[in-house]
J.: 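Once you've had a glance at the structure underneath, I'll fire off some questions.
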Amino acid sequence: MLTLRPACWPGDLALVASIDTSFTTERIYRVVRQELGFALVEERVDPPLQKDYGSITDDPLLGEMSCVVLAEQQGRLAGFAAAEYAAWNRRAIVRHLYVAPERRGSGVGTALLHQLDTFARSAGARCLWLETQNINYPAIRFYQRAGFRLCGLDESLYDPAGPGRNETALFFVRDLARSEAPAATPLF
Ligand SMILES: CC(C)(COP(=O)(O)OP(=O)(O)OC[C@H]1O[C@@H](n2cnc3c(N)ncnc32)[C@H](O)[C@@H]1OP(=O)(O)O)[C@@H](O)C(=O)NCCC(=O)NCCS
């Protein structure tokens with residue numbers, strides 16, 4: 001059985017730090033610049049590409065986020081998600097969403113997203129917004145399936161000399177008024 005609960009700091013720090021945030025993909029979306037726009041072209045990569053987001057607990061803002069959820073299954077951490085609410089533009093921002101590799105593809109990400117959606121609605125948000133990267137094909141497909149739409153990109157966000165070189169930031173949004181509220185028990 002999957003259980004969702006709010007994180008408890010600092011008690012859950014070691015548990016949250018243990019989650020493997022990496023993914024491997026055989027496909028990416030290549031960003032093709034056009035005269036006054038961009039196109040995202042699905043492309044195979046060989047060998048498969050791997051990226052590791054590192055430890056979530058390195059995020060200095062984690063302790064300040066109002067919605068931090070742990071998913072547990074058979075006494076083990078199955079996933080983690082965090083969001084915050086920006087009152088100035090009434091947007092809820094998904095800051096973290098990771099499912100343990102052995103639990104991926106079994107609905108844990110969807111259950112965590114439902115909880116973030118429930119938090120966003122109760123905070124009065126008009127939408128859920130997030131950033132991912134053009135190389136994170138699995139996450140892009142996941143967000144699209146969950147009703148998010150691409151709302152922008154930034155090819156200058158990552159330092160070409162840093163770990164995100166060759167990556168383009170993609171922004172996705174889900175309008176809450178246009179999507180059905182999930183049947184999730186509110187935790188926040
Ligand atoms: C992206 C992620 C959170 C999805 O979580 P998940 O628990 O595996 O997703 P779910 O099982 O709830 O999948 C729901 C739907 O999303 C889509 N989906 C999920 N993983 C997918 C993949 N690898 N490829 C294509 N579609 C995928 C499917 O349509 C799926 O529905 P279906 O099972 O009925 O086909 C998870 O793969 C993950 O933790 N990835 C590594 C960390 C990461 O990249 N986080 C996001 C950072 S922005």
Side-chain angles (χ1 to χ4, degrees), residues 1-5 7 15-31 40-59 61-62 65 67-74 76-84 91-120 127-155 157-158 163-164 166-174 179-180 182-184:
M1 194 177 107
L2 186 72
T3 314
L4 300 181
R5 68 167 174 90
L15 185 63
V16 169
S18 72
I19 196 163
D20 180 353
T21 61
S22 69
F23 71 90
T24 304
T25 182
E26 293 175 355
R27 290 176 179 275
I28 63 162
Y29 285 99
R30 187 161 55 90
V31 180
L40 298 185
V41 180
E42 190 176 322
E43 192 173 87
R44 277 194 162 274
V45 278
D46 189 15
L49 194 150
Q50 195 189 25
K51 176 178 167 115
D52 192 337
Y53 286 99
S55 177
I56 301 161
T57 51
D58 287 346
D59 181 350
L61 301 175
L62 195 57
M65 288 177 202
C67 171
V68 186
V69 196
L70 266 59
E72 290 169 320
Q73 224 165 9
Q74 287 137 3
R76 302 185 64 169
L77 185 62
F80 173 87
E84 58 192 340
R91 262 189 350 192
I93 303 166
V94 180
R95 291 289 183 202
H96 298 284
L97 179 59
Y98 303 104
V99 173
E102 67 278 11
R103 307 286 188 187
R104 289 178 194 164
S106 63
V108 176
T110 300
L112 285 165
L113 198 56
H114 283 174
Q115 196 50 238
L116 301 190
D117 183 299
T118 303
F119 157 75
C127 62
L128 259 179
W129 178 89
L130 61 90
E131 185 255 323
T132 188
Q133 301 79 37
N134 66 307
I135 63 162
N136 198 340
Y137 180 88
I140 293 168
R141 296 305 294 260
F142 167 78
Y143 291 127
Q144 283 187 302
R145 171 69 184 256
F148 283 77
R149 64 179 165 85
L150 183 72
C151 63
L153 62 77
D154 185 347
E155 53 172 8
L157 187 67
Y158 295 108
N166 304 325
E167 293 178 26
T168 299
L170 304 182
F171 304 102
F172 284 85
V173 71
R174 182 163 80 182
S179 57
E180 205 175 313

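Counting convention: from 1, in listed order, for ligands and their atoms alike.
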J.: Which ligand 1 atoms, with their elements, are less than 4.0 angstrom from a heavy-atom of T132?
T.: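 So the atoms of ligand 1 that pass are 48 (S).
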J.: So which atom in V31 and which in L153 form the shortest heavy-atom distance, rounded to 0.1 Å?
T.: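 So the two residues come closest at CG1-CD2, 4.2 Å.
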J.: Which heavy atom of the protein is the closest neighbour of atom 16 (O) of ligand 1, given with residue, atom name and distance?
T.: F142 CD1, 3.4 Å
J.: Hey, is atom 45 (N) of ligand 1 under 4.0 Å from any protein heavy atom?
T.: yes
J.: Tell me, yes or no, whether the heavy-atom count around R5 atom CZ, taken from other residues, nucleotides or ligands under 6.0 Å, exceeds 12.
T.: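 Atom CZ in R5 is packed in, count exceeds 12.
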J.: Please say which of D59, V68, V69 ends up in a side chain to side chain contact (heavy atoms under 4.5 Å, CB included) with H96.
T.: D59
J.: Is the Y53 ring parallel, tilted or perpendicular to the Y98 ring (thresholds 30°, 60°)?
T.: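 Aromatic pair Y53/Y98 classed tilted.
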J.: Counting only heavy atoms, which portion of Y137 has something under 4.0 Å from ligand 1: side chain, backbone, both, or neither?
T.: neither
J.: Pull out every atom of ligand 1 sitting under 4.0 Å from any heavy atom of G105, numbered as shown with elements.
T.: 6 (P), 7 (O), 8 (O), 11 (O)
J.: Does one side chain, of Y137 or E42, offer a donor that lies under 3.5 Å from an acceptor on the other?
T.: yes
J.: Judging by distance only, is a nitrogen or oxygen of A139 under 3.5 angstrom from one on ligand 1?
T.: no
J.: Quick one: look up the protein heavy atom nearest atom 23 (N) of ligand 1 and list residue, atom name and how far away it is.
T.: P138 CB, 3.3 Å
J.: Kindly indicate, with the supporting measurements, whether the criterion side chain to side chain contact (heavy atoms under 4.5 Å, CB included) is fulfilled by F23 and N136.
T.: CA-CA 8 Å; F23 71 90; N136 198 340; 3.5 Å; yes
J.: Find all atoms of ligand 1 within a distance of less than 4.0 Å from any non-hydrogen atom belonging to Y143, and give their numbers and elements.
T.: 46 (C), 48 (S)
J.: Please work out whether any backbone atom (N, CA, C, O) or any side-chain heavy atom from C-beta onward of R145 is under 4.0 Å from ligand 1, and answer side chain, backbone, both or neither.
T.: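 Side chain only; the backbone of R145 stays clear of ligand 1.
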J.: What residue and heavy atom of the protein are closest to atom 11 (O) of ligand 1, and at what distance?
T.: G107 N, 2.8 Å
J.: If I apply the N/O under 3.5 Å rule, does F23 come out as touching ligand 1?
T.: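 Among all N and O atoms of F23, none is under 3.5 Å from an N or O of ligand 1.
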J.: Would you indicate whether Q50, at its atom CD, is surrounded by more than 12 heavy atoms from other residues, nucleotides or ligands within a distance under 6.0 Å?
T.: yes
J.: Identify, for atom 39 (O) of ligand 1, the protein heavy atom at the shortest distance, and state residue, atom and that distance.
T.: V99 N, 2.7 Å
J.: In the protein, what heavy atom is nearest to atom 26 (N) of ligand 1, and what distance, to one decimal place, separates them?
T.: R141 CB, 3.4 Å
J.: What's the shortest distance from atom 38 (C) of ligand 1 to any protein heavy atom, and which residue and atom give it?
T.: R104 NE, 3.5 Å
J.: Considering only non-hydrogen protein atoms, determine which one is nearest to atom 7 (O) of ligand 1 and report residue, atom name and distance to 0.1 Å.
T.: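 Atom 7 (O) of ligand 1 sits closest to the protein heavy atom G109 N, 2.7 Å.
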J.: Given the rule in the side chain to side chain contact (heavy atoms under 4.5 Å, CB included) test, do F142 and L113 qualify, once you have shown the distances and angles that lead to the verdict?
T.: CA-CA 10 Å; F142 167 78; L113 198 56; 4.0 Å; yes
J.: Under 3.5 Å, N or O to N or O, is T110 touching ligand 1 that way?
T.: yes
J.: Can a donor-acceptor pair be found, under 3.5 Å and without considering hydrogens, that links the side chain of R104 to the backbone of V99?
T.: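 Flag set: sc R104 to bb V99 pair under 3.5 Å.
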J.: When you measure from atom 41 (C) of ligand 1 to the protein, is at least one non-hydrogen atom found at a distance under 4.0 Å?
T.: yes
J.: Determine whether the side chain, the backbone, both or neither of S106 has a heavy atom under 4.0 Å from any heavy atom of ligand 1.
T.: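 Under 4.0 Å from ligand 1, S106 contributes backbone atoms alone.
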J.: Is it true that E72 and Q74 share a donor-acceptor pair across their side chains at a distance under 3.5 Å?
T.: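 On atom types as modelled, these side chains do not qualify, holding no pair under 3.5 Å.
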J.: Between D154 and T168, do the side chains contain a donor N or O and an acceptor N or O under 3.5 Å apart?
T.: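 No, no side-chain donor-acceptor pair sits under 3.5 Å.
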J.: Below 3.5 angstrom, do we get any N/O pair linking T21 and ligand 1?
T.: no
J.: Is the side chain of T57 donor-acceptor paired with the backbone N or O of A17 at a distance under 3.5 Å, no angle test?
T.: no
J.: Backbone, side chain, both or neither: what part of N136 comes under 4.0 angstrom of ligand 1, heavy atoms only?
T.: side chain
